[in-house]
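For reference, the structure is listed below as structure tokens.
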Amino acid sequence: LDGDPLTDSNNRIIARCTGVTDTEGSVSIDVVIGIPQFPAMASNGNLKINGSPDILGPCGGAHANNIVIVNGTPTVETQISASDSVEVSGHINQAGGGESTPLNHQPPVEIPELDAMDYCSSADFILRANGYFVTIGTPTDSVDASSGPVNGWERVSDAPVEWNLIGNSTVGGSYCVEGNVVISGNPSGPGGTPLPLSLFADGSVKLSGNPKITAADPGGALIIANGDVAISGNPSGSADNYNGLVYAGSQCQLNGNPTLEGQLLCYDAPNPPGSSEFVSENGISGNPTIRYNCGGLVVGARRILSWYQTLGGA
């Protein structure tokens, strides 16, 4: 696309196979191999869309590997699709104007199975199930946070294990969490700028405040939970609340009016032992905005996207 044969500008290659007969007849088959783009939101199970969310950007669409139920009036930049069917009782708006036609019986999106604990080797902090707040460094420092907050974090329950961030400030960085996470405050950086913060939890994550956070993880992971992810809130202003990949190993839900610059993926597996069930179904409700410009941490595996043949002459 850019005219340079030595650069790959669209993550696609053409493999050509040519057969020649003894009489100099020939046929060529060209196969386009590439990386399929993930949509802004994808679910392995059903997906329910209520309210009037905006799902924008070059990859601003939603897909379910089962059924999508649209009861509201979402606006999308691409399409809403399903590997089974899209059931619409409201209507789907196209971002450029007009109505968007949903796509039924589409190939499934191959959502990878991520484990939050695989990201802990590069964490700046570890929130232990025993209540200790561990700062990785030389030397490593451990402080008991089971009877009072440390850097805004407190382990408030041990059955199930739950870590709470209640206030409006904490230390930025990547957090490996043994247990569940609840953030009800409004943490942000200096002057209301986004706070670099990533959460990797072997339980579930619930955010009900109005934080302004961006991924501290260099790969762009904002939240990876082995259980549920529930995000709600009604922020003021136009700045994004969340920037990065949000991934739930179980179910995920986006409610209220938050803004996510990134991607929301719901693996839809059963909740793992010890995780809180914050979400019962995958969905969006209210008037949130997701903007996704493609790419990022999670991309599909290379596969054949199309093929065509060319007949030669004798």
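The figures here come from the full heavy-atom set of this structure, side chains too, leaving out hydrogens, waters and symmetry mates. The structure displayed is predicted, hence computed values, not measured ones.
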If the test is side chain to side chain contact (heavy atoms under 4.5 Å, CB included), which one of V70, I69, V68, I49 qualifies with V88? V70

Got R291 and L260 here, is their nearest side-chain heavy-atom distance under 4.5 Å? no

Decide whether E261 and N293 meet the rule of one side-chain donor and one side-chain acceptor closer than 3.5 Å. yes

Are side-chain N/O atoms of S43 and N282 paired as donor and acceptor at under 3.5 Å? yes

Do the non-hydrogen side-chain atoms of P53 and T289 ever get within less than 4.5 Å of each other? no

Residue pair S285 / N255, side-chain donor-acceptor N/O under 3.5 Å: yes

Could you tell me if N226 and D202 have a donor-acceptor pair between their side chains, going purely by distance under 3.5 Å? no

Look only at the side chain of E77 and the backbone of G60, and say whether a donor-acceptor pair between them is shorter than 3.5 Å. no

Joint cluster assignment, I92 & M41, ILVMFWY side-chain distance < 4.5 Å: yes

With a 3.5 Å distance limit and no angle check, can you tell me whether S198 reaches the backbone of A221 through a side-chain donor-acceptor pair? yes

Option from V143, V171, I166, I183 for which side chain to side chain contact (heavy atoms under 4.5 Å, CB included) with W153 holds: I183

Between F125 and F133, does the ring-ring contact (aromatic ring centres under 6.0 Å, His included) criterion hold? Intermediate values first, please. CA-CA 7 Å; F125 308 98; F133 183 108; 5.4 Å; yes

Determine whether F38 and L265 make a side-chain contact, defined as any pair of heavy atoms from C-beta on separated by less than 4.5 Å. yes

Do S276 and S204 have side-chain atoms, one donor and one acceptor, less than 3.5 Å apart? no

For S81 and H63, which I'm curious about, is there any donor-acceptor pair between the side chains at under 3.5 Å? yes

Would you please say whether a donor-acceptor pair under 3.5 Å links the side chains of N210 and N241? no

Is it the case that S89 and N71 place a side-chain donor and acceptor less than 3.5 Å from each other? yes

